[in-house]
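A short worksheet on the structure shown next.
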Amino acid sequence: MTHNRDLPDRMNLPFVGLVSFAGQPAQEDWSQLKGADVAILGVPIDTASSYRVGTRFGPRAIREASMFHSFGPEGVFDFEDEVTYLSADEVRIVDAGDSDVIYADTKRSLTNATEAVRALLDQGTLPYILGGDHAITMATVAAYSDKPPLHIIHIDAHFDFIDERNGISWGHGSPMRRSSEMSHVTGITTLAPHNMASVSRKDYEAAQAYGTHVVPLRRLRQQGAAASLAHLPDGQRVYVSIDIDAFDPSIAPGTATISHGGLSYYEGKDILREIASRFDVVGVDFVEVSPHYDPSGITSLLAARLTLDFLGAIFHGKRVETS
């Protein structure tokens with residue numbers, strides 16, 4: 001899909017044309033992604049969910065919501081910052097479609113996700129992955145095994161450090177546990193966990209033993225994003241995993257495991273801006289949007305809006321560094 005960039009007289013209304021992320025060009029042939037700064041990849045898996053399913057429809061819903069924020073080569077002006085983000089000369093965003101999902105076969109689907117992310121990395125583009133349940137993170141992080149080491153910044157209402165339940169070790173509550181076992185992952189920072197049932201005592205102790213740096217939500221609110229990430233050196237290579245359930249259900253009801261008292265939009269935006277300003281972001285996933293629990297669509301819209309905010313901050317920062 002193109003965004004009709006050569007037709008300035010077209011209004012490009014969000015309900016007109018084929019759907020791609022923010023109306024950006026689509027390229028499902030991953031061997032043709034060279035020159036793309038960012039590739040949006042959907043991983044529509046929810047067969048690893050332990051409770052309510054539906055996140056297989058998350059990537060499509062986020063894309064649909066993002067059309068509200070579609071933009072042309074001039075980018076998007078933010079009057080609060082007096083900065084234009086995501087202009088064509090700053091960043092090229094391409095929608096790379098979805099990895100292949102084999103219904104009822106979670107392991108094969110996760111393997112396909114690993115291969116898809118590796119294909120994007122081989123083209124020198126930043127993978128920005130839309131889930132899907134949180135199990136996809138163990139697959140997407142695995143794709144970096146032949147790359148330099150990275151640190152995971154994990155934004156979530158939960159620790160996701162479950163080892164196994166009833167013999168299942170690849171559920172959506174286990175991505176940080178499985179990632180901690182990968183030699184190229186140097187550490188994990190978990191931001192904004194909150195409420196009872198965020199973690200069992202056994203899994204909490206396992207996360208502590210691994211060395212997970214945990215900033216609970218109330219402490220994060222008290223000390224701010226900068227202090228919460230001060231333990232990491234500037235320039236650290238980071239992979240960022242964002243679970244929509246970290247946000248309060250008043251603005252993100254469309255998810256399986258809601259947790260009251262979560263982040264506001266601006267809290268999330270401030271965290272992502274701090275990450276973009278200090279670290280080398282090498283990959284992102286945004287997971288657990290389950291649209292059919294939210295007829296209003298505000299959950300998908302929040303994920304789309306934060307994605308654009310984050311990408312804008314990442315690439316504007318890079319432009320500033322090189323100017």
Side-chain angles (χ1 to χ4, degrees), residues 28 30 39-63 96-121 127-145 152 154-182 184-185 188 190 197 199-200 202-203 206-207 239-246 254-258 283-293 299-300 303:
E28 294 184 285
W30 299 332
I40 306 295
L41 177 73
V43 183
I45 301 170
D46 63 8
T47 49
S49 294
S50 61
Y51 184 39
R52 304 191 300 183
V53 296
T55 56
R56 68 183 65 184
F57 300 106
R60 185 167 294 184
I62 295 169
R63 286 183 172 108
D98 297 335
S99 68
D100 194 23
V101 173
I102 311 300
Y103 76 94
D105 195 332
T106 304
K107 284 191 172 181
R108 282 180 64 194
S109 297
L110 292 174
T111 297
N112 289 344
T114 301
E115 293 174 353
V117 174
R118 282 185 176 145
L120 303 190
L121 291 170
Y128 197 109
I129 301 133
L130 305 177
D133 66 45
H134 216 153
I136 71 168
T137 302
M138 66 185 79
T140 56
V141 168
Y144 292 78
S145 61
I152 298 175
H154 170 223
I155 303 170
D156 201 318
H158 310 92
F159 280 62
D160 287 354
F161 218 82
I162 294 170
D163 188 15
E164 61 87 22
R165 282 181 177 169
N166 296 338
I168 302 299
S169 60
W170 60 90
H172 73 155
S174 300
M176 295 305 121
R177 183 65 162 259
R178 299 286 79 84
S179 295
S180 74
E181 297 164 351
M182 300 178 191
H184 61 287
V185 175
I188 298 171
T190 295
V199 64
S200 70
K202 178 180 70 173
D203 296 328
Y239 179 99
V240 183
S241 182
I242 310 163
D243 190 325
I244 197 71
D245 71 21
T255 190
T257 50
I258 59 175
V284 184
D285 65 53
F286 209 134
V287 300
E288 295 288 351
V289 171
S290 194
H292 62 281
Y293 297 117
T299 311
S300 302

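Quick caveat, the model's predicted, so the values are computed rather than measured.
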Just verifying a value: how many Å separate [X] [atom1] and [Y] [atom2], rounded to the nearest 0.5 Å?
{"X": "Asp243", "Y": "Asp285", "atom1": "CG", "atom2": "CG", "answer": "9.0 Å"}
{"X": "Ile162", "Y": "Asp203", "atom1": "CD1", "atom2": "CG", "answer": "5.5 Å"}
{"X": "Leu110", "Y": "Ile136", "atom1": "CG", "atom2": "CD1", "answer": "8.5 Å"}
{"X": "His134", "Y": "Asp245", "atom1": "NE2", "atom2": "CG", "answer": "8.5 Å"}
{"X": "Met138", "Y": "Asp160", "atom1": "CE", "atom2": "CG", "answer": "8.5 Å"}
{"X": "Trp30", "Y": "Ser99", "atom1": "CH2", "atom2": "OG", "answer": "6.0 Å"}

Determine whether the side chains of Tyr239 and Ser179 contain a donor N or O and an acceptor N or O closer than 3.5 Å.
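Side chains of Tyr239 and Ser179: no pair found under 3.5 Å.
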Regarding Ser145 and His184, do their side chains bring together a donor and an acceptor under 3.5 Å, going by distance alone?
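Absent: no donor and acceptor within the cut-off.
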Over all atoms of both residues, closest heavy-atom pair of [X] and [Y]:
{"X": "Ala135", "Y": "Ala48", "answer": "CB-CB, 3.4 Å"}
{"X": "Arg63", "Y": "Leu41", "answer": "NH2-C, 4.3 Å"}
{"X": "Pro291", "Y": "Gly54", "answer": "CD-O, 3.7 Å"}

Heavy-atom side-chain contact between [X] and [Y] under 4.5 Å:
{"X": "Leu121", "Y": "Pro127", "answer": "yes"}
{"X": "Ser241", "Y": "Asp156", "answer": "no"}
{"X": "Tyr103", "Y": "Thr47", "answer": "no"}
{"X": "Tyr293", "Y": "Thr255", "answer": "no"}

Inter- and intrachain pairs under side-chain hydrogen bond (donor to acceptor under 3.5 Å, both in side chains), touching residues 165-174, at least two apart:
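Counting only pairs at least two positions apart or across chains, the side-chain hydrogen bond (donor to acceptor under 3.5 Å, both in side chains) contacts touching residues 165-174 are Ser50-His172, His172-Glu288.
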Enumerate the residue pairs fulfilling side-chain hydrogen bond (donor to acceptor under 3.5 Å, both in side chains) with a member in residues 51-62, sequence neighbours excluded, ordered by first and then second residue.
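Every side-chain hydrogen bond (donor to acceptor under 3.5 Å, both in side chains) pair that includes a residue of residues 51-62, provided the two are not neighbours, is Asp46-Arg56.
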Without swapping roles, check the side chain of Thr114 against the backbone of Ala139 for a donor-acceptor pair under 3.5 Å.
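Indeed, once roles are kept as given, a pair shorter than 3.5 Å links the two residues.
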Tell me if a side-chain donor or acceptor on Arg178 pairs with a main-chain N or O of Gly171 at a distance below 3.5 Å.
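Pair absent, no side-chain N/O of Arg178 close to backbone of Gly171.
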Would Arg118 and Glu115 pass as an ion pair if we require N to O under 4.0 Å?
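Salt bridge between Arg118 and Glu115, a charged N being under 4.0 Å from a carboxylate O: no.
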Check each of Asn112, Val141, Thr140 against Val117 using the side chain to side chain contact (heavy atoms under 4.5 Å, CB included) test, and report the only one that passes.
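Result for side chain to side chain contact (heavy atoms under 4.5 Å, CB included) with Val117: Thr140.
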Counting only heavy atoms from other residues, nucleotides and ligands, does the tally under 6.0 Å from CD of Glu164 exceed 12?
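Correct, the count exceeds 12.
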